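Computed from a predicted model, the values in this text were never measured in an experiment.
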Amino acid sequence: MRVIKSLLHPIWRQLPVKFRRGILERFTQLGVPSVHAATRAPLPLPITVAGYLTAATGLGQAARLAVLALEAQGVPVTTFDLTEALMHEKSVPFVRPKMRKGEGTVLMFVNPPVSSLALRVIGNTLLNNKHRIGAWIWELPKAPEDWRPHAELFHEIASASAFACTAIEAAIDRPVRLLIHPVMAEGYSHFHPERSEGSPADRTPLQGDPSALPQDDTQFKVGAIMDLGSRYARKNPFAVIAAYAQAFGDRSDAVLELKLLRAGAEPTRYAEIITQIATHKLNVRMILESTNRAAVLQWLSTLDVVMSLHCAEGFGLGCAEAMMMGVPCVATNWSATAEYIDESCGYPVNFSLAPAQDETGLYDAPDQLWAQANVQHAAQALRMAFEHPDQRAAKGAAAKARIAERFTPDAFCAQLLGHPTTGA
């Protein structure tokens, strides 16, 4: 069966997005009983976290963080890994107790239309007597209209930002409750986050990892993370490169460290990125995908700023994790990141709104708007961060404090369970 899936998946991915979505709409809801929207307080335990628990994706990381947060607060938790069943690559080790029959709550980190297929994979035997919560995320002002029938398969829908909650509510015509992401430095216990004068305290890379690059303590390091597999247009890589070029040109005392996920998925775009870097003769380090969690967090800790000139974010986990490490962000001042990045803890970038057009089809909604970051303003922010290290250090400290205040395991569990938790 695994061989058949591996052969069919590339063919499936070549089909038009709208056609694939239509096929899923017709078949994924079959055999899954609808439920009445209802909030249960307290939620029945244990909590089963379902999702791409062993995949190197944003939703996979969100699911893993939910498990870790529940464990940290002493909440009974089981899991259901949907990675292989939903044709994602298993690349992150993560083993926890599996879902059992009986009463409990399913917290599923899978978006429609695949969320309905995920319920079918779990099966009615395990779902029986379970309270179902769909933890969905969306990046445009309104989620797709065809999400509504999928919402009828869940007792509740939740999302990680007020922006995303509003977007999903507009599509499914029912309340969506806020459930923040817990932001944790799991797998990185050896890190000591003291920083001074705006410079990273620890620039020693881990051995044997693609991010273990030669380090120069005198360089100003700008980091950016791009997923070329499915989010190319939304992450806006050419704006990032253009802003860096305006700020620093070909000077050697600054470097853009560009971490590309799934670069091979868009070879044409990858080639365009390389060409643009070469044209401007920029000092750029390319870092290819690494699923070593400790290495990723250590890489973040070596940066002076992180730049995200996204068109839209439903939460912005990359920015939040950089802030957790004490690194301020130069980020588009729109959508979810605007809820926790401001002048006190980062560098919000001005923008204009434009039709959301995405040639991959994933976010192609020209009737909706998303942000186009002002490249010149972003370049000015980079120069400000470079020229004023004391100010940058203060913003980094404020960024770390903001994440520690808002996105803790306790805050996540309290929102999920409807009451404070005391920890294990």
Side-chain angles (χ1 to χ4, degrees), residues 139 198 219-228 231-261 263 266 269-287 299-300 302-313 316 318-323 327-338 340-343 345-354 356-358 369-389 391-392 395-396 399:
E139 294 83 9
Q219 287 182 317
F220 180 76
K221 293 181 172 60
V222 180
I225 303 175
M226 305 287 174
D227 184 343
L228 297 189
R231 300 173 179 88
Y232 158 78
R234 182 170 64 82
K235 292 297 186 180
N236 208 5
F238 295 119
V240 167
I241 296 169
Y244 180 84
Q246 283 193 27
F248 301 112
D250 61 355
R251 60 190 300 168
S252 61
D253 57 351
V255 60
L256 173 62
E257 296 195 347
L258 190 57
K259 186 172 179 60
L260 293 181
L261 309 180
E266 286 285 344
R269 298 305 172 209
Y270 178 70
E272 289 175 359
I273 289 172
I274 298 299
T275 299
Q276 186 168 354
I277 291 169
T279 298
H280 293 287
K281 299 180 180 179
L282 304 179
N283 187 16
V284 176
R285 290 194 184 103
M286 304 290 287
I287 306 174
W299 171 69
L300 285 172
T302 68
L303 302 174
D304 292 294
V305 295
V306 162
M307 180 162 48
S308 177
L309 300 186
H310 55 266
C311 297
E313 286 286 7
C319 287
E321 290 184 334
M323 294 169 67
V327 180
C329 295
V330 177
T332 311
N333 192 28
W334 191 74
S335 62
T337 54
Y340 57 87
I341 299 176
D342 56 33
E343 292 285 354
C345 63
Y347 302 88
V349 174
N350 296 339
F351 64 92
S352 59
L353 292 176
Q357 295 183 313
D358 170 19
L369 301 177
W370 64 8
Q372 292 294 329
N374 185 310
V375 170
Q376 183 176 2
H377 188 229
Q380 291 170 354
L382 289 175
R383 292 290 303 184
M384 180 71 70
F386 174 74
E387 294 169 359
H388 300 277
Q391 180 194 74
R392 185 176 76 244
K395 288 179 182 286

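Atom CD of E343 and atom NZ of K395 lie 5.0 Å apart (nearest 0.5 Å). From M307, atom CE reaches atom CG of N236 across 10.5 Å, with rounding to the nearest 0.5 Å. The distance from atom CG of L300 to atom CD1 of I225, rounded to the nearest 0.5 Å, is 5.5 Å. Between M286 atom CE and I277 atom CD1 the span is 4.5 Å, to the nearest 0.5 Å. One finds the CZ atom of F238 at 10.0 Å from the CE atom of M226 (value rounded to the nearest 0.5 Å). To the nearest 0.5 Å, atoms CD (Q246) and CD (Q380) are separated by 8.5 Å.
Of the possible polar contacts, none joining the H280 side chain to the A245 backbone as a donor-acceptor pair under 3.5 Å is found. Side chain of R392 to backbone of A385: a donor-acceptor contact under 3.5 angstrom is found. Checking side-chain atoms of Y244 against main-chain N and O of V255 turns up a donor-acceptor pair under 3.5 Å.
In terms of heavy atoms, L282 sits closest to G249 at CD2-O, 3.3 Å. Annotation for C311 and Q372: closest pair SG-NE2, 3.8 Å, computed over non-hydrogen atoms. Counting all heavy atoms, side chain and backbone alike, N283 lies closest to A254 at ND2-O, 2.9 Å. Minimum heavy-atom separation, V349 to A373: CG1-CB, 4.2 Å. Taking both residues in full, the closest heavy atoms of G316 and Y340 are given as O-OH, 2.8 Å, listed atom of the first, atom of the second, then distance. When every heavy atom of F351 is checked against every heavy atom of L353, the shortest pair comes out as CE1-CD2, 3.8 Å.
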Check: What do the steps show when you test E139 against S335 for side chain to side chain contact (heavy atoms under 4.5 Å, CB included), and what is the final call?
Finding: CA-CA 7 Å; E139 294 83 9; S335 62; over 6 Å; no
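Side chains of L258 and I273 form a contact here, defined as non-hydrogen atoms less than 4.5 Å apart. Between V305 and F220, some side-chain heavy-atom pair lies under the 4.5 Å cut-off. Counting heavy atoms from C-beta on, the side chains of V306 and E321 never come closer than 4.5 Å. Side-chain contact between I341 and C319 is present, with heavy atoms from C-beta onward closer than 4.5 Å. The shortest side-chain heavy-atom distance between L256 and F248 does not fall under the 4.5 Å cut-off. Taking the side chain as every heavy atom from C-beta outward, D253 and F386 approach each other to under 4.5 Å. Looking only at side-chain heavy atoms (C-beta outward), W370 and H310 stay at 4.5 Å or farther from each other. Two residues are said to be in side-chain contact when any heavy atoms from C-beta on lie closer than 4.5 Å; W299 and K221 fail this criterion.
Using a 4.0 Å cut-off between charged side-chain N and carboxylate O, E313 and K235 make a salt bridge.
The environment of E272 atom CD is dense: over 12 non-hydrogen atoms of other residues, nucleotides or ligands sit within 6.0 angstrom.
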